[in-house]
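Report on the following structure.
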Amino acid sequence: AGHLVRYETIAGAPSKAANFPISGALAANGLTEGSDAAYTQYSTDVVTLTVAEAGLVLAISDLLAASDIVGLDHYADQASQALANKVTVDILALATGLNGGTAAGSTGVALSELNIIDAVTTLAANNIPGPFHGILHPQQWNDLAVGVGASLNPLNAPGSQNTYQTSNDLTSPIFDGGMREMYGVQWTVSGNVPLANAGADRAGMIVNPRYAIGWLDKWGARTEFERDASGRLTEIAITAAYAVGELRDTAGIAVVTDA
């Protein structure tokens, strides 16, 4: 989910926190010829993010290590994937707090092309510039793909070939996580998109990654092996220190539709 956030690092810095400046809005005024222009007051707000540790520790017994067909590196790789999933989940959990908590879409109703148009329109009305990045749950992608040729009109309709081209261009492939571009939004698909409304919905999002969400990194995934001879096992510790948080409320919007 790194494409959805504004990334900063404090690796090597003697601090656990950092400020993300949020620039204020400026307005230009008419000027009078021959007269000094008055100074315009400008202020910069900040959002402070403070890192914390996250991770997991595996204990691989000597008997398991000697009996399994995989090595310790396999377990370390699986633990690293679990940590990466946690970072993604933490970022995506911020979706429903964007745009004052007002989402595009309706609870219990399948995702439609109109929901995406409404979300982009909201960001534009908030004077948020592109580029936009969005993420959907596979079920949301399914609902959108089913609409090709029905509620989602094919490119240069009519014609079955155009229906095929629309489905190919706009809604596939998803198996590498990508869904290309639609309505100026670069899309990805992830099973980590969280549930919302007591499990009735999924909460995807559309954001300008420069403004909406911050990710502060102290150190990335760090793998360490430690021998416990008395326990006849090897500990594998995977840790990271980071923080994620909302920066500008109006720079993103959740897309909440039927799960």
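We're numbering straight along the sequence, starting at 1.
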Using modelled atom types and a 3.5 Å cut-off, is there a donor and acceptor pairing between side-chain atoms of [X] and backbone atoms of [Y]?
X      : Y      : result
Asn208 : Ala251 : no
Ser35  : Leu31  : no
Asp258 : Asp201 : no
Lys218 : Ala52  : no

Is [Y] reachable from [X] through a run of hydrophobic residues whose side-chain heavy atoms are each under 4.5 Å from the next?
X      : Y      : value
Val46  : Ile213 : no
Leu26  : Tyr39  : no
Leu216 : Tyr7   : no
Leu94  : Val87  : yes
Met205 : Leu114 : no

Where do [X] and [Y] come nearest, in terms of heavy atoms and distance?
X      : Y      : answer
Trp215 : Val244 : CD1-CG1, 4.0 Å
Gly252 : Ala212 : N-CB, 4.2 Å
Ala95  : Ala254 : O-CB, 3.4 Å
Val57  : Ala237 : CG2-CB, 4.0 Å
Ser80  : Thr223 : OG-OG1, 4.1 Å
Arg210 : Gly130 : NH2-O, 2.9 Å

Between atom [atom1] of [X] and atom [atom2] of [Y], what is the distance when rounded to the nearest 0.5 Å?
X      : Y      : atom1 : atom2 : result
Ile236 : Glu224 : CD1   : CD    : 12.0 Å
Leu49  : Phe20  : CG    : CZ    : 5.0 Å
Thr50  : Lys16  : OG1   : NZ    : 8.0 Å
Leu123 : Ile253 : CG    : CD1   : 6.0 Å
Tyr242 : Thr9   : OH    : OG1   : 14.5 Å
Thr44  : Tyr42  : OG1   : OH    : 4.0 Å

Measuring only between side-chain heavy atoms, which start at C-beta, is [X] closer than 4.5 Å to [Y]?
X      : Y      : result
Leu4   : Leu92  : yes
Tyr75  : Asp68  : yes
Thr48  : Asn19  : yes
Leu144 : Trp187 : no
Arg248 : Thr250 : yes
Leu98  : Glu246 : yes
Ile135 : Val193 : yes
Thr107 : Val256 : no

Worksheet entry | Stepwise side chain to side chain contact (heavy atoms under 4.5 Å, CB included) test for Arg202 and Leu195 | CA-CA 4 Å; Arg202 290 286 179 176; Leu195 290 165; 3.5 Å; yes

Do we see a donor-acceptor contact under 3.5 Å between the side chains of [X] and [Y]?
X      : Y      : value
Gln81  : Asn85  : no
Asn115 : Ser112 : yes
Thr257 : Gln140 : yes

Item to complete: Would you indicate whether Arg232, at its atom CZ, is surrounded by more than 12 heavy atoms from other residues, nucleotides or ligands within a distance under 6.0 Å?
Response: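 Counting other residues, nucleotides and ligands, CZ of Arg232 stays at 12 neighbours or fewer.
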
Fill in: Step-by-step side chain to side chain contact (heavy atoms under 4.5 Å, CB included) determination, Ile206 to Thr122
CA-CA 10 Å; Ile206 301 175; Thr122 297; over 6 Å; no

Discussion item. Could you walk me through whether Trp219 and Thr239 satisfy the side chain to side chain contact (heavy atoms under 4.5 Å, CB included) test, starting with their C-alpha distance in whole Å, then the side-chain angles of each, then the deciding distance to 0.1 Å, before giving a yes or no?
Written reply: CA-CA 9 Å; Trp219 71 76; Thr239 62; 3.6 Å; yes

Worksheet entry | Residue pair Phe225, Asp73: steps toward the side chain to side chain contact (heavy atoms under 4.5 Å, CB included) verdict | CA-CA 10 Å; Phe225 296 85; Asp73 287 347; 4.2 Å; yes

